Amino acid sequence: MQRKFTREIKIGNVAIGGNNPIAIQSMCNFPTEDTEKNVEQILALEKAGCEIIRLTVPTLEAAKSFGEIKKRVHIPCVADIHFDYKMAIAAMENGADKIRINPGNIGGKEKLAEVVKVAKERNIPIRVGVNSGSLEKDLVAKYNGVTAEGLVESALDKVRMIEDEGYENIVISIKSSNVPMCVEAYERISEVSDYPLHVGITEAGTIYAGNIKSAVGLGILLHEGIGDTIRVSLTGDPLEEIKSAKAILRSLGIRKEGIEVISCPTCGRTKIDLIGLANQVEEMVKDYPLNIKVAVMGCAVNGPGEAKEADIGIAGGINEGLLIKKGEIVKKLPQSELLGALKAELDNWK
Ligand code: SF4
């Protein structure tokens with residue numbers, strides 16, 4: 001997997017692009033005016049592995065609260081701005097590490113120039129966001145509907161608007177809920193631009209549907225080396241977005257930290273409540289900083305063999321459980337002791 005070259009830019013204390021790790025983002029879903037709730041949410045997201053957080057800034061009160069929130073969290077905070085250039089400036093004055101705007105709807109060239117001037121003074125990156133839902137009418141007409149070409153042209157037009165103000169500290173995102181269109185748009189833009197790309201499938205849906213769409217779309221792009229920062233957009237708790245983003249990166253071998261749990265699909269040989277056990281194991285291992293694979297298998301016949309790829313595993317036998325290392329049975333014990341035995345092994349893992 002060869003990463004496409006992009007310029008490095010710094011969002012607060014996190015660098016993206018270049019050879020930097022692909023950063024995981026999410027977005028707060030409380031009104032930004034509510035300082036306490038947002039601080040609490042961001043601290044929980046940080047703990048789960050979120051590396052950049054975005055908050056909407058629709059009012060001056062929100063901009064002020066944004067400044068308070070920023071002081072109490074540890075990851076870079078991005079301000080999401082719609083329409084009002086004053087909010088973009090207020091967010092930057094309150095410590096925004098990046099702003100996300102659509103230069104086409106911020107109130108005209110002069111207002112954009114004012115926003116860029118403040119960004120330039122403070123060296124704050126600007127994310128240019130293009131969304132398939134708001135593609136300009138002339139581009140819809142030119143390309144006979146909303147297309148990947150139209151989205152790319154729209155994004156490049158907007159990038160040029162910022163470049164014309166003499167600023168190149170830019171990140172690009174092109175969002176669509178249509179996976180093939182979104183993938184094609186990112187492929188096209190990565191051919192013609194070396195600005196870092198924030199990738200994600202927008203309005204992907206509920207946790208189930210959104211995870212599948214995001215895994216497919218992001219999976220293709222990341223495998224092609226495209227994407228410097230990602231967001232899995234889900235209609236659900238933002239913590240789920242972080243869990244999913246981490247799982248996508250881990251399943252492609254891009255991130256290695258954290259335990260990967262593999263478990264068999266169960267069959268007629270299953271001798272244990274494997275579904276319950278696999279979920280318990282997944283919950284139990286989520287905070288271990290180990291780069292290993294743990295297998296949870298349903299039977300003693302094929303379990304050890306099928307768990308060969310894992311560093312450690314457990315399997316359910318008849319009236320007993322097995323502890324397995326690299327496919328070899330190392331201990332037999334009552335089923336009720338399996339989880340505890342696995343935990344003890346992980347606690348002492350070397
Ligand atoms: S490990 Fe055993 S229980 Fe699980 S799918 Fe394979 S044969 Fe079935």
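Note that ligands are numbered from 1 as they come in the structure, with each ligand's atoms numbered from 1 the same way. A quick note: this is a predicted structure, and the numbers were derived from the prediction, not measured. Numbers here are sequence positions counted from 1.
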Here the salt bridge (Lys or Arg N to Asp or Glu O under 4.0 Å) pairs for residues 166-180, sequence neighbours left out, are Arg7-Glu168
Quick one: which residue pairs count as a salt bridge (Lys or Arg N to Asp or Glu O under 4.0 Å) with a foot in residues 141-151, not counting sequence neighbours? Lys142-Glu153, Glu149-Arg188
Heavy atoms from other residues, nucleotides or ligands near CD of Glu163 exceed 12 (cutoff 6.0 Å): yes
Using a strict 4.0 Å threshold on nitrogen-to-oxygen distance, state whether Glu224 and Arg3 make a salt bridge. no
Quick one: give me the number of protein N/O/S atoms under 2.8 Å from atom 2 (Fe) of ligand 1. 1
Pairs touching residues 87-111 that satisfy side chain to side chain donor-acceptor pair (under 3.5 Å), sequence neighbours left out: Lys70-Asp97, Lys109-Glu165
With respect to Cys28, which candidate in Thr56, Ile69, Ile42, Asp80 satisfies the side chain to side chain contact (heavy atoms under 4.5 Å, CB included) definition? Ile42
